[in-house]
Each structure stands twice: as structure tokens, then as C-alpha cells.
Number of protein chains: 2
Amino acid sequence: MTPNPRQLDLLDQVRARGSVSLETLAASFEVTLQTLRRDVKLLSEAGLLARFHGGVRVPGSTTENIAYRQRQLLNEAAKQRIARAIALAVPEGCSLIINIGTTTEAIARELLRHKGLRVITNNLNVAAILSDNADCEVIVAGGVVRSRDRGIVGEATVDFIRQFKVDIGLIGISGIEDDGSLRDFDYREVRVAQTIIERSREVWLAADHSKFNRPAMVEVARLSQVGTLFTDAPPPSPFPALLGEAGVACKVAA
Amino acid sequence: MTPNPRQLDLLDQVRARGSVSLETLAASFEVTLQTLRRDVKLLSEAGLLARFHGGVRVPGSTTENIAYRQRQLLNEAAKQRIARAIALAVPEGCSLIINIGTTTEAIARELLRHKGLRVITNNLNVAAILSDNADCEVIVAGGVVRSRDRGIVGEATVDFIRQFKVDIGLIGISGIEDDGSLRDFDYREVRVAQTIIERSREVWLAADHSKFNRPAMVEVARLSQVGTLFTDAPPPSPFPALLGEAGVACKVAA
DNA sequence: ATTAAAATGTTCGTATCTGTTCTTATTTGA
DNA sequence: TCAAATAAGAACAGATACGAACATTTTAAT
């Protein structure tokens, strides 16, 4: 994208004033609202502006944070059902690695009453939630904190996790494609997820129904590396066949 | 959903004042209560606010360690003054290590508007607070999470921190004794604090007046290892002399 | 000069936001 | 415990903002 002078001016104005109404901007550039909306659409899709009903604002982590919290609410009931099913299947006293994701945070909440767990995570929220469980040893991986979702990623994180070997690796992902690949958006998080898979005797995948056929850029792993898939609705075709071939057990939470 | 400026303002007001009634907020924004309730509903569902009958307050997990929260309120004004003084002294764009403690959390809050910081911490709360600053690289040390205060301690933490060397090490402690020793209660945290001192070009100590002559078990360091002491009231005798001997600058926050 | 492509303006159906009114919960004091 | 007072929430209506489709103008290249 190459912004034109007006769009650059627009960014300046917004940055100078924090937030501006579209009306004001349209008047200041002497264009119609519709034209201005097109500019705003481009700039906000590029992440240079955050928009709200009636105007725009400089993007900030508060807004990103809210976006994440909203995502957390998406399919909340489904996530909680999956989380509960997983918590039921996790035996007391075992060791786990839990990665980034809104579903895995729900799992952490369901694990608050388990006894004698040892949990390793690269998710600050999971660590904070589980630190309330006095009978759970929480180990947080070191590394750079991503402000969007408070995930910890990077080379240092991978090295840290490599020190361990646990009973169960719990991973959440962005999408499962019909070629049997598990995918995510951020390659740094993918590196972490791969390490988790490598260091777990058993891999459990948490994915609600919206994840099937959802495209995402980077390949995390193949379905065949997964032991059990926890989901909230029977997977659509051709996934049942794929799961069968790959030897993945599938548990659908009622 | 994308939050509008009023909703962000609302968050600021609540964060600044701890808790506010809906009436007050509605009056301050000149909207009806109903509109305000809609904002509050969204923000609290996103976990950014906690509401009670008649108003809202900053969120905090109810299962959270209450003793620790109470300690956090202890000498709160003093801590905030110290925190502000330290934040003023921290130059933009520098690298820091921040350790465990309620004072250091206050410092983190005061650093939210700094630009270009690189912060390493073994405190989950500090990491969570600073991850809201989009212009700050937060690195969290790996290790075992202590549920009492969400501090990260242990051998792995020490090893992790040893990788770095930063401009300023910010440490808070439990007590300063009149033999010139800095002391704390948990030897594991002491090991971390010692490593921080070792890996910092300059050491700043944050300690409110209650810390002078307060006994604690484990020796962290000697006063002579400290560059600057930030406190809220002139230290009692014999500390002025001790500080002078040890070559420690002392800044009293008004 | 001609033409294609891009940018802008116009119109209109849809979605979102806000205030009003009324009913249902919750708190508080007797 | 009950009743009055206050807060919360649901439902509706009016105002405003949004986005899509199409028409028009401007720009750029041949």
C-alpha cells in the first residue's frame, strides 16, 4: 500500500490530536465522508489507525487488548465445554505444557482445582491464572512478551522449553486445513508450539468448530503428530477420515 | 467491537481513582446512565473493569492473594511517590531489570508512558503491566512462579537473567539494617536479586521509610553495591552516615 | 485526442448508537 | 423479615454513521 499525501496528512492529524471525528477530517480535507472512509479503511486495515463509530484514533495496546478480550468471548461456551472435557481427562499429579490461545486460558481456569500438577507455559495469563492454585507448580518460560495476548515467544522461549519433557502437551491453534496441517499466524509462536510437541510424550489439541478449514499462514504440525483432538462439534468432512488415517482420537464435548 | 474515546477515558478514570460510581461517570461524560451502563457492560465483559452495585473498579481476581493485595495498599502513597521519582530519573530508551515487590509494581505503572524501554523482570505483574506499553520490549525471566506474589524464582531464573547486562537494575527489598546490609525473606528471591545487581551497570534501590531497621533473614547485598537509594522520607540515624560512607546517592521523593 | 484506470461524489438500504420508558433486581434501614 | 429506595436491564424509537453500488470526474499513458 502506498498512501497518498492526504492519507499521510490524515495520520499526522490523528497523531497530533489523539482522536478525531470523520466529520472533522472530511471538512479539513474538503472531501466527502465517503472518500474519507475509504482512506480510513485502508489505514486502519494497515494497522496505522484504530477506528470507532464516528471517528478514528491512534492505535494503542489498549485497543489491541480489547480486541483480544473480545476474541476471548467468541465461542466462549464452546471453549469452556472443550476446556472442561480436557480438565476431566487430565490426571492429577501429571506434568503439562500449555501454549498461547484463548482456549488454553479457559483450560487453565478449569484446572484450578486439580492437585499436584506441574505446568509449564509461555502464556502470562495462564501463569497468572494457575498461580492461584496453591497446589500447582507453575513454571513460566522466559522470553519476549507479546503485548497483544501476553504470549511469550522467541528463541529464548524455545530454548527454555527444550529443558523439559512432560506427560501432556496442550496446544491450541488458529486453523486446521483439509490437507491435515495445523496452522497458525505468528511464526515465532509456531516455533514454540513445535518445541512443545517435541517435548511432550502425548499431544492434545484443543480446537473449537470454527477452526476447521480456517486458513492460516504458517504450518505448525501435521495431524499425525497429535494424540487426541478435543472439540465441541463433530468435525465436518473430510476431517473424520483424516483423523482416522492419522490415528488421532477425537473427543467431542457435549 | 472497537472502543470509542469515551470508553478509553472511562478506563483511565477508573484506573486513576480505583473505583467510581456510575452516576459520577455519567455526569462526567454527559451521557445517560443507560449509555454508560452499556459501556461498562462491554468493558467488564472484556475483563478490563470489575463492576459492583452502583459503580465500577479496577479488575482484580477475587481469588488473588489478599494478604499481598493488602500489603500493596500499605504505604501506597509513599510507594507511588518513590515510583514517580524513579520514573522521572529513568531515561527514555534504556534497559532495565526490575525485580519482585509492591514498590516495583508501582514503578512499572509509572513507566507506562516511557518510550523505547527494554525491561527484563522476574515479576509476572510487572510484565503484565508493562505489556500494555506498546513501545516497551518486555522480557520475562523463566522459572517457577511463586503464588504468593507472582514472582518468578529459582535456579532457572538466575540462569536466564545472567544472559543479560543492562543499564539500570531496579530492586526493592524487605529491610535495610544498620550494619549496611540489605535483606529479604526468601533465599531464592535473594539469589535472583544478587544476579540482578551483578548484571546491572548501575543499581537503584527503592525502599520506603518502613524498610529502615526492619529485620529480615537473608542478606541480599551491601549498601556499597547500590548506586542510588530512592525513598520517601529522610532516613533515620545512623543511615545518613552509612549511605555517605558507602557512596550511595539518596533521593527523597517529596 | 483517446482510452483505460483510478479516484471521488451521490444515493440509499442497513447497522449502530443514544435516550426514554418501563419492569425487574438488589440494597438498605426499620 | 418486609418495604422503600435505588440500581440494573430490556425494549423501543429516533438520529446518526456505515458501506455498497453506481455515476462522475480526474489522471496517466499511448
Q | Whole angstrom value for the distance that separates P of dT16(D) from CZ of R51(A) | A | 19 Å

Q) When you check the phosphate oxygens OP1 and OP2 of dC18(D), does a side-chain N or O of R37(A) lie under 4.0 Å from one of them? A) yes

**Q.** Length of the CG-P vector between L36(A) and dT16(D), whole Å
**A.** 19 Å

Q) Just checking, is any N or O donor in the side chain of T121(B) or N123(B) under 3.5 Å from an acceptor N or O on the other one? A) no

(Q) If I take atom CD in residue Q7(A) and atom P in nucleotide dT8(C), what distance separates them, rounded to the nearest angstrom? (A) 8 Å

Using atom names, set out every protein N or O paired with an N or O of nucleotides 27-30 of chain C below 3.5 Å, distance rounded to 0.1 Å.
none

Q. In terms of side-chain geometry, is the basic nitrogen of E155(A) or R191(A) positioned less than 4.0 Å from the acidic oxygen of its partner?
A. yes

Q: Using whole Å, report how far CG of L33(A) lies from C1' of dC18(D).
A: 10 Å

Q: Name the closest nucleotide to the T32(A) side chain, picking from dT10(C), dT20(C), dG19(D).
A: dT10(C)

(Q) Can you confirm whether E92(B) is buried at CD, in the sense that more than 12 heavy atoms of other residues, nucleotides or ligands lie under 6.0 Å from that atom? (A) yes

Q.
Tell me which one of V20(B), L43(B), D39(B) satisfies side chain to side chain contact (heavy atoms under 4.5 Å, CB included) with L49(B).
A. L43(B)

Q. Looking for any heavy atom pair under 4.0 Å, which part of the strands does F29(A) touch: base, sugar-phosphate only, or nothing?
A. nothing

Could you list all N or O pairs between the protein and nucleotides 22-27 of chain D that sit under 3.5 Å apart?
none

Q. If you check every side-chain atom of V31(B), which of dG9(C), dA7(D), dG19(C) has the closest atom?
A. dG19(C)

Q: Go through the structure and list residues passing side-chain contact (heavy atoms from CB on, under 4.5 Å) with H209(A), not counting sequence neighbours.
A: N75(A), D232(A), A233(A)

Q. Of D184(A), N99(A), V226(A), T104(A), which is the lone residue that meets side chain to side chain contact (heavy atoms under 4.5 Å, CB included) with I171(A)?
A. N99(A)

Q. Which one, dG9(C), dA8(D), dT18(C), comes nearest to the side chain of T35(A)?
A. dG9(C)

**Q.** Donor-acceptor contact present, side-chain R214(B) to main-chain S174(B), <3.5 Å
**A.** yes

Q) How would you label the contact of L22(A) with the nucleic acid (heavy atoms, under 4.0 Å): base, sugar-phosphate, or nothing? A) sugar-phosphate

